[in-house]
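Have a look at the structure below, then the notes.
Nothing fancy with the numbering, it's 1 onward along the sequence. The figures here come from the full heavy-atom set of this structure, side chains too, leaving out hydrogens, waters and symmetry mates. Both counts, for ligands and for their atoms, begin at 1 and track the order of listing. All figures in this text were calculated on a predicted structure; none of them were measured in a lab.
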Amino acid sequence: MCGIVGVVSHNPVNQLIYDALLLLQHRGQDAAGIATSHANMFYMHKANGLVRDVFRTRNMRSLQGNIGIGQCRYPTAGSASAEEAQPFYVNAPFGITLAHNGNLTNWEQLKIEMFKNDRRHINTSSDSEVLLNVLAHEIQQATSGYSLDPAALFKAVAILHKRVRGSYAVVAQISGYGLLAFRDPYGIRPLCIGFNDTDKGTEYVVASESVALEGLGFRFLRDVMPGEAIFIDNDGQLYNQQCAENPTLNPCAFEYVYFARPDSVIDGASVYAARLKMGEYLADKIKREFTAGDIDVVMPIPDSSRPAAMELALKLNLDYREGFIKNRYIGRTFLMPGQAIRAKSVRQKLNAIGSEFKGKSVLLVDDSIVRGTTSREIVQMARDSGAKRVIFASAAPPVKFPNVYGIDMPTRNELIAYGRSTEEVCREITADALVYQDIEALKRSISDVNPALRNFEASCFDGVYVTGDISRDYLDRIEFARNNPQPESDDAVRSQLNLNLAQVD
Ligand SMILES: O=P(O)(O)OC[C@H]1O[C@H](OP(=O)(O)OP(=O)(O)O)[C@H](O)[C@@H]1O
Ligand SMILES: NC(=O)CC[C@H](N)C(=O)O
Ligand SMILES: [Mg+2]
């Protein structure tokens with residue numbers, strides 16, 4: 001669930017892109033990169049690590065130009081090696097750099113096609129490098145002569161939509177021309193546009209979340225529509241075109257549950273308001289399943305569950321207390337690579353305030369339970385602190401199915417709710433009782449905020465894959481690949497694990 005940003009300005013963009021990446025850091029903690037362009041030259045710096053660690057003053061100085069793109073990465077395909085940090089670059093046609101949020105489901109097939117038919121060599125196992133090469137090839141095909149116009153770019157994106165499967169929100173920079181941005185025809189991953197009027201003319205930002213626009217002092221213009229492409233030329237002129245034949249909007253429900261920042265608005269729905277609604281619907285269910293007196297106090301598991309837990313407590317007329325304090329220097333554990341570091345980080349990240357638990361029946365609320373890493377540790381911490389009874393509630397339904405659209409959970413067995421009933425999950429996390437949100441209530445939580453949103457990509461909850469091309473065979477294959485990693489990518493993952501352990505030690 002990477003964060004991407006593209007800026008076209010009348011002034012240098014390096015600091016703007018850096019600031020936007022800091023605001024999108026919660027979407028990807030593994031690697032970060034920026035590519036700018038000036039006088040037909042690209043300047044790029046990317047590496048493994050958090051944004052604040054990747055860019056030194058000397059790197060920032062070298063990133064010249066009034067146009068550029070950036071990305072913070074949470075790997076879902078290929079490996080976590082620095083070679084697969086983004087943006088990616090190809091030198092022809094024109095010179096293109098690209099940053100991608102999402103996950104392609106036919107990238108292996110495309111990689112073979114690219115080599116056999118299009119004579120393009122792809123040097124990593126990143127789906128995003130494949131995506132860039134498809135784009136480059138189609139721009140080459142759509143262009144006649146030496147110059148490029150928006151119509152040719154839109155034609156290239158239209159053909160790309162036909163070749164590429166999966167989810168993709170993209171920003172790409174074309175040397176000497178401008179910034180191209182587009183979103184897959186199902187609108188799975190978010191992408192929005194912001195603008196700022198200056199005395200030199202309008203400048204634009206395209207970013208994964210509206211929080212990045214606001215943080216830069218830009219105003220929200222609109223979301224990029226599913227299948228739509230936007231082109232902003234170097235002079236700041238904006239062009240747009242619908243490039244898909246049957247676009248439909250199916251935003252990822254997990255963005256609203258966990259990934260996005262609560263202060264973002266995605267596809268017209270405030271993430272914060274949706275999380276409050278999740279708390280409200282979950283409270284209704286708890287009211288049905290418990291009697292007054294069963295619960296003394298409601299506590300959130302920081303950070304992401306806070307709005308839901310707060311609203312739930314309000315609806316149940318119960319005390320809301322902060323029983324766990326988060327270490328602000330530890331990142332999001334779910335996004336960390338490998339189970340060992342995730343488990344270690346939960347204890348480093350959260351610490352209980354003993355007095356809040358002693359002799360009480362506590363209702364712990366989290367936004368979701370995925371692998372159960374957090375909930376297992378937290379229930380134990382509550383008990384160690386003297387809780388009389390520990391009830392756990394999840395503002396999202398059980399996560400039972402692999403995700404193939406940009407959340408790194410390709411194997412069923414890693415999901416604690418796979419093949420288990422609610423009672424069995426409850427036993428696994430050693431809670432006294434467990435309540436999950438219902439899937440319909442989750443969807444309603446988002447639709448209530450924006451009634452125009454009726455369809456969602458919610459495959460990890462309901463097993464429905466909106467792109468329609470995900471077979472049982474495909475799921476078995478990605479599961480096998482994850483359980484039997486190639487020796488090279490094994491090394492890359494190990495070195496990344498060490499790097500992340502060094503960060504948290
Ligand atoms: O069942 P699990 O596999 O543990 O995954 C779910 C947990 O991971 C996330 O927290 P995270 O620490 O990533 O980030 P947060 O601070 O935004 O809550 C999420 O909010 C849950 O707490
Ligand atoms: N989470 C994402 O958006 C990942 C982008 C891309 N699939 C990668 O692995 O780099
Ligand atoms: Mg959490």
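In terms of modelled atom types and a separation under 3.5 Å, the side chain of Asn106 and the main chain of Arg165 share a donor-acceptor contact.
The closest approach between any non-hydrogen atom of Gly372 and ligand 1 is below 4.0 Å. In this structure, Gly78 has no heavy atom closer than 4.0 Å to ligand 2. Residue contacts with ligand 2: Arg189 is excluded, as none of its non-hydrogen atoms falls under 4.0 Å. The closest approach between Lys349 and ligand 1 falls below 4.0 Å for a heavy atom of the residue. Between Ile301 and ligand 1 there is no heavy-atom distance shorter than 4.0 Å. Using a 4.0 Å heavy-atom cutoff, Ser126 is absent from the residues neighbouring ligand 2.
Residue-ligand proximity, Thr373 to ligand 1, at heavy-atom distances under 4.0 Å covers atoms 1 (O), 2 (P), 3 (O), 4 (O). Below 4.0 Å from some heavy atom of Pro75 lie the following atoms of ligand 2, by number and element: 9 (O). Which parts of ligand 1 touch Asp366 is read off a 4.0 Å heavy-atom cut-off, strictly below it: atoms 20 (O), 21 (C), 22 (O). Residue His100 has at least one heavy-atom neighbour below 4.0 Å for each of these atoms of ligand 2: 5 (C). The ligand atoms of ligand 2 that sit less than 4.0 angstrom from a heavy atom of Gly406 are 1 (N). Listed by number with element, the atoms of ligand 2 under 4.0 Å from a non-hydrogen atom of Ala77 are 9 (O). Each of the atoms 7 (N) of ligand 2 lies under 4.0 Å from some heavy atom of Asn103. Residue contact check: Ile369 has heavy atoms under 4.0 Å from atoms 1 (O) of ligand 1.
Checked by atom type, the side-chain pair Glu83/Thr124 shows no donor-acceptor distance below 3.5 Å. A donor atom on one side chain and an acceptor atom on the other are not found under 3.5 Å apart for Asp366 and Ser368. Side-chain N/O atoms of Thr105 and Tyr465 include no donor and acceptor closer than 3.5 Å. Side-chain N/O atoms of Ser394 and Gln437 include no donor and acceptor closer than 3.5 Å. Asp473 and Ser471 share no side-chain donor-acceptor pair at under 3.5 Å.
For the pair Phe254 and Leu442, the minimum side-chain heavy-atom distance is 4.5 Å or more. A heavy-atom distance below 4.5 Å is found between the side chains of Ile407 and Phe259. For the pair Gln86 and His100, the minimum side-chain heavy-atom distance is below 4.5 Å. The side-chain heavy atoms of Lys46 and Glu84, taken from C-beta on, include no pair separated by under 4.5 Å.
In terms of polar-atom proximity, Glu84 is not counted as a contact of ligand 2, lacking any N or O under 3.5 Å from an N or O of the ligand. In terms of polar-atom proximity, Arg371 is counted as a contact of ligand 1, with an N or O under 3.5 Å from an N or O of the ligand. Remark: ligand 1 and Ser375 share no N or O pair separated by less than 3.5 Å (distance only, no angle test). Here's the thing with Arg73: one of its N/O atoms is less than 3.5 angstrom from an N/O atom of ligand 2.
Ring pair Phe357/Phe324: centre-to-centre distance below 6.0 Å.
Crowding of Lys315 atom NZ: a count of heavy atoms from other residues, nucleotides or ligands under 6.0 Å not exceeding 12. The 12-atom threshold is not exceeded at CE of Met225, counting heavy atoms of other residues, nucleotides or ligands nearer than 6.0 Å.
In this pair, His161 and Phe182 present their aromatic rings perpendicular. The plane angle is above 60°, beyond the 30 to 60° band. Taking the six-membered ring where the residue is Trp, Tyr89 and Phe42 present perpendicular rings, their angle passing 60° and hence far from 30°.
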Derivation of the ring pair (Phe, Tyr, Trp, His ring centres under 6.0 Å) call for Phe401 and Phe461: CA-CA 6 Å; Phe401 303 91; Phe461 305 118; 9.4 Å; no

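Within the 4.0 Å heavy-atom criterion, both parts of Val370, backbone and side chain, lie near ligand 1. Contacts with ligand 1 closer than 4.0 Å are made by heavy atoms of both the backbone and the side chain of Thr333. Residue contacts with ligand 1 for His26 are absent, since no atom lies close enough (heavy atoms, distance under 4.0 Å). Using a 4.0 Å cut-off between heavy atoms, Asp127 contacts ligand 2 through its side chain alone, with no backbone atom that close.
Remark: Arg332 is positioned above the aromatic ring of Tyr258, its terminal NZ or CZ atom under 6.0 angstrom from the ring centre and at most 45 degrees off the axis.
Nearest protein neighbour of atom 10 (O) of ligand 1, counting heavy atoms only, is Tyr258 CE1, 3.7 Å. The closest protein non-hydrogen atom to atom 17 (O) of ligand 1 is Ser304 OG, 2.5 Å. Distance from atom 4 (C) of ligand 2 to its nearest protein heavy atom, with residue and atom name: Cys2 SG, 3.0 Å. The shortest contact between atom 6 (C) of ligand 1 and any protein heavy atom is with Ser368 O, 3.5 Å. Given atom 1 (N) of ligand 2, the protein heavy atom at minimum distance is Met1 N, 2.3 Å. Counting only heavy atoms of the protein, atom 4 (O) of ligand 1 lies nearest to Thr374 OG1, 2.6 Å. The closest protein non-hydrogen atom to atom 20 (O) of ligand 1 is Asp367 OD2, 2.4 Å. Of the protein's heavy atoms, Gly102 O, 3.2 Å lies nearest to atom 5 (C) of ligand 2. Of all protein heavy atoms, the one lying nearest to atom 8 (O) of ligand 1 is Phe334 CB, 3.4 Å.
Salt bridge Arg120/Asp118: absent, no basic N to carboxylate O contact under 4.0 Å.
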